[in-house]
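Everything below concerns the one structure shown next.
Chain A is the first sequence line, chain B the second, and so forth, proteins listed ahead of strands; every chain is numbered from 1.
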Amino acid sequence: MAVTYLVWQSPYATNQLLTRDQPVPFSHAHHVGDLGIDCRMCHTGVEKAAFAGVPSTHICMTCHSQLWTNAAMLAPVRKSYATGQPIRWRRVNRVPDYVFFDHSIHIAKGVGCSTCHGPVQNMALMRAQEPLTMGWCLQCHRHPERYVRPKDRVFDMAWQPPPDQRSEGARLVKAYRIDAARLTDCSTCHR
Amino acid sequence: MSVAPDIERRWIAPSIESREQIDAIIAAPILAPRHTWRWWLTLAVSGGLTLLMIVTVTWLFGHGIGIFGNNTTIVWGFPIANYVWWLGIGHAGTLISALLLLTRQKWRASLNRFAETMTLFAASMAGLFPIFHLGRPYYLYWIIPYPNVQGLWPQWRSALVWDFWAVGTYITFSTLFWYVGLVPDLAMLRDRAARRGVRRLYGAFALGWRGSARHWEVYERFYRYMAALAVPLVVSVHSIVSLDFAASLEPGWADTIYPPYFVVGALYSGFAMVVVIAAVLRWACSFEAFITVQHFEAIGKVLLTASVIMGVSYATEWFWGWYGGERTERHLVTFLFTGPYAPLYYGQLLFNVLAPQLLWLPRFRQSILAVTVLSILINVGMWLERILIVWATLSRDYLPSAWRIFLPTFWDWALLAGSLGAFTFLFMIFARVLPALPAYELGKTWAEENGA
Amino acid sequence: MPPLTRRGPGLDRRLLLKLAAAAAAVSTTRCSPPDDEIIPYVDMPEGMVAGEPMRFATTLSLSGYGRGFIAIAVDGRPIKIEGNPRHPYSLGATDVFAEAEILSLYDPGRSSVVHHGEQIATWEDFAAGWEQAVGARPDDAASDAAVGLVTGRVVSPTTLGRIEALRRRFPALRQYRYEPVNDDMARAGAKLAFGRLVAAAPRWDEADVVLTLDADPLGHGPEQLHIARGFAARRGAEHRQQLHAVEPAWTLTGAAADFRLPLAPRQMGEVARAVARRLGLDLGDPVLSDPQRAFAERAAEALATAQGRALAMAGDGQPPELHALCHWINGRLHAPVDYLPPVDPVEAGHADELQALAEDLRAGRVAALVIVDANPVYDAPDALRMAEAVAAAPFSAHLGLYPDETAQHCQWRLPLSHPLESWGDARAADGTASLVQPLIRRLYDTRTCDEFLALLALSAVRDAYGLTRETWASWAGGDFATWWRTALHDGVIADSRAAPLALSPARPTGLPPPDAPHALTVVLSPDPGVWDGRFAANPWLQECPHPLTKQVWGNAVRLAPGDAARAGIADEDTVDLVVNGATLSGPAVVTEAQADGVVAVGWGQGRFSPAMPIAHGVGTRFVGLGARPFSRLLAGAEIKKSDRSIPFRSTQSHTRLSGRSEALFQLATLAELATSRPEREPAPPSMLGIPPRGDYAWAMVIDTDACIGCNACVVACQAENNVPIVGPEEISQGRDMHWLRVDVYARPQGGAMRTGFQPVPCMHCELAPCEPVCPVEASVHDHEGLNVQVYNRCIGTRFCEANCPYKVRRFNWFAYADGQAYGDFAPALKAQHNPDVSARGRGVMEKCNYCLQRISRARRAAEKEDRQVAEGEMVTACQAACPTRAIHFGDLNSETSDVSRLRRAPRHYRLLEELNTRPRTTYLKRLYVSDAAS
């Protein structure tokens with residue numbers, strides 16, 4: 001039993017830390033880390049909708065019609081823009097179909113990007129930082145005070161929990177009207 | 001000490017002259033088998049049915065439990081009834097063995113071995129049905145508390161979870177009890193076996209039993225302790241199973257009478273099945289010397305008692321249905337007597353309560369044929385009881401708009417028949433490789449009876 | 001149907017795949033999730049947010065009349081129809097037909113390509129074929145070809161314009177316009193009363209007393225939503241409106257009535273006679289038995305004393321004279337009725353038109369036959385031998401959604417665009433115009449009616465968008481862009497309703513005496529599920545139980561107990577119905593309080609086009625009976641027990657529950673209501689802990705006095721929650737999947753049949769019996785009082801349903817969602833599926849969850865704005881659909897909320913309260929004006 005458990009929660013089974021090849025070797029390290037572009041620039045839905053949104057080719061081209069206009073690695077983007085055929089990205093962070101995860105509400109309640117996605121500003125190629133198992137989700141849904149941060153720091157990739165996170169977090173949980181009891185209702189994520 | 005040769009008290013036929021002879025007779029089917037056509041025929045039939053079971057289960061897992069007759073309101077059907085029925089049968093073995101041992105009933109000796117075996121096989125059959133009845137059988141293990149990435153546990157308030165543990169414990173325990181009982185006979189076989197391989201095999205399982213006085217001393221004590229443990233366990237198992245129904249809100253289920261009613265019912269069908277098997281073995285393996293008319297008579301008396309208790313239980317149900325005054329409860333009782341299931345219900349009453357009353361008459365008690373036929377009827381009757389418990393309540397509960405009738409499909413019957421076949425098949429194998437009767441205990445009885 | 005079922009012996013493809021998959025799963029050690037893709041837009045449409053629903057107003061037609069609705073689309077897929085509060089014939093509600101249009105859109109059985117004979121062809125081929133047929137030289141548009149154009153009721157301005165254009169090109173054009181469900185009698189009656197065609201539009205919300213004579217205003221139809229809302233509004237919590245219904249067989253109106261009299265159709269006039277006499281018009285002595293007379297006089301008295309607030313109406317089966325008399329009565333009563341100029345410009349009667357079509361075809365007067373969205377071969381009675389008539393046409397083309405019976409006999413089979421893929425417009429029964437706008441790009445290369453007619457007329461503009469704008473550009477004037485945007489947004493065109501006419505009805509000179517009593521009269525009425533047959537291919541509607549018999553997948557022959565006994569026929573026997581020579585069979589339903597000598601059957605079933613597998617062979621085509629088309633009454637019928645056996649498939653086996661149902665379906669009279677006092681919330685003790693209340697305590701209260709049993713909620717729930725179709729075989733097995741069922745109750749009381757409907761969703765018990773019995777916590781309570789089912793945790797022990805006293809849970813015996821049990825609707829349903837709701841797999845339990853996805857959406861929206869969900873902000877699908885607003889939903893934590901108030905009302909009760917399950921779904925009693933026998 002212990003063994004199966006170890007296997008189940010191991011990256012081997014959860015695809016944690018797995019880096020996938022992408023049609024375009026997009027580097028968050030460069031765009032976020034070096035250039036400091038805000039997440040919302042490309043992930044337009046993240047504050048409005050369940051789905052954060054992967055940028056349309058159009059968004060890529062807003063910059064890349066000016067910059068690196070003939071870089072080889074951007075060829076697929078230009079092709080997509082020309083032909084109208086979308087770029088087929090490979091999914092990195094995946095939750096099962098019966099989990100109804102909503103980005104916007106987490107943003108609204110002070111859960112930072114880096115809490116789940118890790119230090120993307122250092123990721124040359126995207127990888128899943130966390131296992132995304134139910135047990136993992138519950139760590140926060142049972143004890144939000146350990147993870148919530150001030151709303152103005154949500155998109156701050158460098159944010160680290162302050163030493164007084166316990167008390168500070170508890171204060172924020174109250175301030176943001178986070179009902180910890182309801183967070184562990186099955187109906188919060190499954191329906 | 002010597003006992004006056006009193007025919008009433010003799011449980012072993014006088015034709016037996018020595019313990020040696022007993023061992024010989026019992027070892028014969030194993031070490032020197034004479035495969036008659038009867039043996040082959042039974043093996044073929046039961047084997048065929050076992051195949052049918054395998055086919056059914058494959059079909060089941062391929063298509064889904066929609067292949068059964070269940071519907072929106074009658075969500076439980078054959079599998080649940082079969083489960084309860086088989087588990088009931090699985091009760092007699094351990095109980096006979098343990099209870100009769102504690103109460104020092106000599107006639108136990110001729111029955112306990114195959115009764116215990118019956119328990120094992122019946123309980124295994126029972127254990128399969130809850131799995132077959134699941135919508136998603138491959139997630140059965142969610143009932144077990146195991147460390148998991150979802151951070152979830154089973155829901156301990158559910159009778160089904162208690163059920164799982166009860167049956168699990170019961171099967172484990174019965175296996176141990178059965179094996180311990182086997183050890184000396186395995187040694188006997190080891191010593192008698194001619195071929196080296198066979199000797200090795202039995203030797204390994206005999207755990208180096210030499211039958212020294214100390215062995216016997218430890219053995220007897222241990223065996224009695226286990227017996228003492230077994231009795232309450234047996235009672236608990238079916239009580240808990242009954243909670244699958246009693247711990248509900250449904251008319252005809254939510255009754256306090258259920259646990260005792262189920263336990264007695266279980267023993268009833270169990271003893272009946274013992275009779276059937278005893279009759280078969282006696283006929284097939286020529287054990288006439290050990291399984292005598294008196295054994296049948298003794299069990300006949302047990303059956304008679306049980307039948308009366310069942311009668312009382314049924315009457316109690318009617319009474320409370322009426323006395324409780326609850327609209328639905330009352331309607332359910334009338335439905336049993338007048339509804340579309342009425343013929344089955346009358347059959348149940350006839351087989352379980354009326355017919356066995358014949359056993360008051362010594363003429364029937366002392367006829368092996370009569371007792372056997374009655375036992376078969378009782379087993380049918382008990383199955384009808386199980387299926388009606390499931391059907392009647394679900395067919396007629398609170399909202400008339402949801403009333404339905406259950407129509408069994410071919411697969412319902414196939415699975416039932418298949419389980420019977422598999423059960424018999426296993427038994428045939430058992431009778432071929434292990435002593436169907438406990439030689440050493442019979443030896444002891446013989447010795448006591450003949451003052452040797 | 002057999003070819004569609006996925007069951008039965010044989011190792012079929014599905015099973016093989018499953019086994020293979022299982023084997024694969026076993027063999028692979030790595031249990032990682034599959035590698036899937038994210039495919040973003042190349043250029044995302046403006047204002048769009050991926051995965052979020054968008055709402056568009058559009059119009060759906062029934063029998064030609066438009067009703068405005070809101071269609072919801074997610075990522076460009078229409079998934080749901082909701083009511084449009086702005087449109088007078090929706091008023092925010094929907095009916096079964098509107099809800100089911102979503103499924104029709106994705107129906108794989110739709111016509112998708114142009115067929116010439118059995119050859120697949122193109123639109124260009126057709127255009128060429130057409131020009132050749134009408135013998136026009138390419139350069140010259142005009143032609144004298146005798147073109148016959150068959151349509152349904154056409155009231156769409158654009159389409160009418162197109163027909164005019166076509167007539168300009170073909171001066172010899174003859175249009176044959178007919179609707180199977182029509183108002184011929186009413187129109188003739190209006191002519192008698194007013195000397196001109198007039199449509200009477202009663203203002204139900206102003207009527208205190210209503211008398212219906214063989215009419216079913218609350219029944220299904222293009223005006224149902226409008227009428228039902230008015231009815232409910234007036235009846236209200238105090239039950240102000242009293243309804244006297246005289247009808248041969250049960251209708252929804254009769255079920256809702258306070259006083260109901262079963263009466264042979266031929267005698268309806270007699271009741272009117274009695275009323276007329278009370279109002280001072282003596283048309284002779286009514287021929288009625290004493291109780292009947294008593295009923296008539298009570299009704300007359302009630303009408304007479306409610307001057308200005310009383311209303312009488314006759315049904316489409318009744319003769320013009322009776323309609324005329326009703327007009328006079330209404331005039332006399334100053335009844336709240338508007339007299340509107342008819343929206344349908346065609347003068348001729350529908351039946352006559354169809355007859356004319358048959359004759360002209362047979363006489364060879366039609367050179368080129370063009371049938372637009374009509375199905376004469378099915379609709380016409382066998383006597384007209386329409387099939388061969390159509391086949392005889394030198395040139396024939398059929399434009400339709402399905403390869404229906406008529407298409408089978410036409411040379412050209414042309415695919416019609418679904419309204420949800422079309423531009424266009426329509427008018428409602430009162431003339432209110434609204435636009436039709438597409439929610440999705442056409443799934444196939446189809447044409448709308450307008451585009452098709454434009455093609456025939458060689459018009460300059462050929463696309464529906466252009467044509468529609470062309471129509472309205474002139475009408476709107478001024479700033480067309482703004483006007484157009486407003487019209488599209490509102491889903492209704494401002495002040496387009498016809499202005500009421502000031503008319504006074506003529507005083508009738510007489511009323512023909514009732515014809516002599518004859519053996520049996522067949523009463524035909526459109527089917528509440530498949531209507532006149534046009535929805536027969538829609539499995540949602542086939543599987544939507546008949547409101548009164550609960551029959552699905554078929555139609556029955558409803559008999560009065562007396563007649564049944566005389567013919568030795570029992571419930572569910574198969575009956576042979578013989579009408580002048582023709583014999584048709586169907587399962588019998590013996591119905592209490594149906595007029596003796598009346599046999600009630602439904603239209604619309606018995607479709608026989610082999611190309612429509614879903615509809616083919618379901619039920620019986622009673623519309624084929626009779627000599628004249630669309631006759632609602634057929635005299636001189638016989639019934640006998642049949643030697644055939646047609647299964648009666650229903651979802652509720654016991655509808656007559658005398659003596660057992662008082663506690664379940666509770667009644668009260670106005671008198672009792674006055675004396676009863678509001679109840680306090682009882683809180684009997686319990687050994688199980690009461691779950692704590694969170695920010696919200698959701699609850700539902702259903703007013704059985706307002707419910708008219710129209711089934712809109714049932715289909716709305718099915719559409720919203722991805723509830724699968726199970727098919728006829730499964731229904732026969734006793735398996736159904738509807739999360740919300742409508743139980744029908746009928747019991748004799750006080751000499752009358754007391755009837756009513758009780759919608760039963762999950763009760764969301766505070767002490768839910770299903771929860772403690774689940775071994776894996778798949779059935780759990782949440783902090784808002786919902787009893788939720790966690791599909792992905794369910795292992796399928798079914799203990800929950802076994803222990804549910806209300807039996808509201810539904811189990812996936814097969815992979816219904818994948819079409820395992822019925823049809824291969826999987827692809828269609830995948831497109832229709834609500835992405836906010838899991839599709840349930842094989843072997844799991846499912847049930848109503850108060851539209852959890854909507855609650856969650858509302859809550860998240862509110863929390864993002866840091867506020868509470870407001871009263872009325874959270875609306876369940878069933879509640880949204882309900883035309884009478886019988887379903888109330890809200891938060892019990894707020895003392896002032898609608899539900900809290902209703903739970904304190906004297907009419908309030910809990911189903912099976914004695915079990916102490918403390919249901920969150922509760923009911924209001926059905927009210928009656930008095931205990932007086934109907």
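Interface summary for chain C: among A:Gln85, A:Glu47, A:Arg177, the most heavy-atom pairs under 4.5 angstrom belong to A:Arg177. For the set C:Pro40, C:Ser856, C:Gly51, the count of heavy-atom pairs under 4.5 angstrom toward chain A peaks at C:Pro40. For the options C:Leu852, C:Asp695, C:Val788, heavy-atom pairs under 4.5 Å to chain A are most numerous at C:Leu852.
When heavy atoms are compared at a cutoff of 4.5 Å, C:Arg793 does not approach chain A at all. Both the backbone and the side chain of C:Gln853 come within contact range of chain A, each with at least one heavy atom under 4.5 Å from a heavy atom of that chain. Of the atoms belonging to C:Tyr41, heavy atoms from both backbone and side chain fall under 4.5 Å from chain A. Using a 4.5 Å cut-off between heavy atoms, A:Tyr98 contacts chain C through both its backbone and its side chain. Of the atoms belonging to C:Asn721, not a single heavy atom falls under 4.5 Å from chain A.
Partners of A:Asp102 under the side chain to side chain contact (heavy atoms under 4.5 Å, CB included) rule, at least two apart in sequence or in another chain, are A:Ala50, A:Ser104, A:Ile105, C:Arg860. Residues satisfying the salt bridge (charged side-chain N to carboxylate O under 4.0 Å, His left out) criterion with A:Arg88, sequence neighbours excluded, are C:Glu37.
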Test side-chain contact (heavy atoms from CB on, under 4.5 Å) on A:Thr44 and C:Met44; report intermediate values, then the result. CA-CA 11 Å; A:Thr44 51; C:Met44 180 142 71; 4.1 Å; yes
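Using a 4.5 Å cut-off on side-chain heavy atoms (C-beta onward), C:Asp75 and A:Phe51 make no contact. For the pair C:Asp836 and A:Arg191, the minimum side-chain heavy-atom distance is below 4.5 Å.
Ion pairing of C:Glu863 with A:Lys109 is present here, as a side-chain N (NZ or NE/NH1/NH2) and a carboxylate O approach within less than 4.0 Å.
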